[in-house]
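Here's the structure, in structure tokens; my notes come after.
Since the model is a prediction, treat every value here as computed from it, not as a measurement. Chain letters run A, B, ... following the sequence lines, proteins first and then strands; every chain starts at 1.
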Protein chains: 2
Amino acid sequence: MMNQVKMARIQADLTQQQLADRTGVTRQTISLIEKGTYNPSLKLCLNICYALNRKLDDLFWVQSEETKHEKIADER
Amino acid sequence: MMNQVKMARIQADLTQQQLADRTGVTRQTISLIEKGTYNPSLKLCLNICYALNRKLDDLFWVQSEETKHEKIADER
DNA sequence: ATATTAAGTAATGTATATGTTACACTGTGT
DNA sequence: ACACAGTGTAACATATACATTACTTAATAT
């Protein structure tokens, strides 16, 4: 589950702990989400968005496997 | 947890059962998500997006309580 | 050298998302 | 009147998100 949380957090100049505090979870949860091994709840995704002043698609959108090919075709 | 799933599903002319089949969950799960009593996982949100050809912000974005006021102020 | 901060990760417990089965209600068609 | 499709919802079981605690490593500062 790839995402842009780590990039956005660093751009916002926050530590994992600071982001965790602002989103109401523990640092460990943030770490696992950034590493991509977790499948976070929508509510947590939204809280991360609020803390980083982003929207869902900025941080969490991933293209479906099927439409990836169309994208490649578009780029040609 | 308000969302636009029901609207988008009806616009796509799908039943809850059809959407459930396409997203790999049961009809009950779709029903509860549409009703807003569930806090679905990101993976399920993405699968619903794929099935309805939408993006996360279209179906699942909800403004934070704090920024709601700013929005209202903007509209004045 | 030592202390401190940021981050990765493992073990264990709890809360909850989701599945399964089943029943009820509403509307529509016959 | 009956059948059926679509939906809401409840009870119970299972998987997993998330918390808690704790250990480790790397980097930086004193």
Q. Are B:Arg22 and B:Ile48 side-chain neighbours, meaning at least one heavy-atom pair lies under 4.5 Å?
A. no

Q.
Taking the ring centre of each residue, are B:Phe60 and A:Trp61 less than 6.0 Å apart?
A. no

Q | B/S/- contact track for nucleotides 20-25 of chain C, protein heavy atom under 4.0 Å | A | BBB---

Q: Measure the shortest side-chain to side-chain distance between B:Thr29 and B:Leu44 over non-hydrogen atoms and say whether it is less than 4.5 angstrom.
A: yes

Q: For A:Leu44, report the nucleic acid contact type (base, sugar-phosphate, nothing); a contact means any heavy atom under 4.0 Å.
A: sugar-phosphate

Q) Taking the side chain as C-beta and beyond, is there a heavy-atom pair between A:Ile30 and A:Tyr38 under 4.5 Å? A) no

Q.
Is any side-chain heavy atom of A:Asp58 closer than 4.5 Å to one of A:Leu52?
A. no

Q | For A:Asp57 against B:Asp57, the heavy-atom pair lying closest together | A | OD2-OD2, 3.1 Å

Q | Shortest non-hydrogen separation from A:Gln16 to A:Arg9 and the atoms involved | A | N-NH1, 3.5 Å

Q: Have a look at B:Ser31 and say if it touches a base, only the backbone sugar-phosphate, or nothing, with a 4.0 Å heavy-atom cut-off.
A: base

Q.
With a 3.5 Å distance limit and no angle check, can you tell me whether B:Asn3 reaches the backbone of B:Leu59 through a side-chain donor-acceptor pair?
A. no

Q) Roughly, in whole Å, what's the span from CD in A:Gln17 to P in C:dA6? A) 8 Å

Q. Between atom CD in A:Gln16 and atom P in C:dA6, what is the gap in whole Å?
A. 10 Å

Q | Residue closer to the 5' end of DNA chain D, B:Ser41 versus B:Glu34 (nearest nucleotide) | A | B:Glu34

(Q) Rounded to whole Å, how long is the line connecting atom OH of A:Tyr38 with atom P of C:dT9? (A) 13 Å

Q. Taking C-beta and beyond as the side chain, do A:Arg27 and A:Gln18 meet within less than 4.5 Å on heavy atoms?
A. no

Q. C:dA7 C1' sits how many Å from A:Leu32 CG, rounded?
A. 11 Å

Q. To the nearest angstrom, how far is A:Asp13 atom CG from C:dA6 atom C1'?
A. 13 Å

Q: Under 4.0 Å from any heavy atom of chain B: name the first and the last nucleotide of DNA chain D that qualifies, 5' to 3'.
A: D:dG6 to D:dA10

Q: For B:Lys43, answer base if it contacts any base atom (sugar-phosphate contacts may also be present), sugar-phosphate if it contacts only those atoms, and nothing otherwise; contact means non-hydrogen atoms under 4.0 Å.
A: nothing

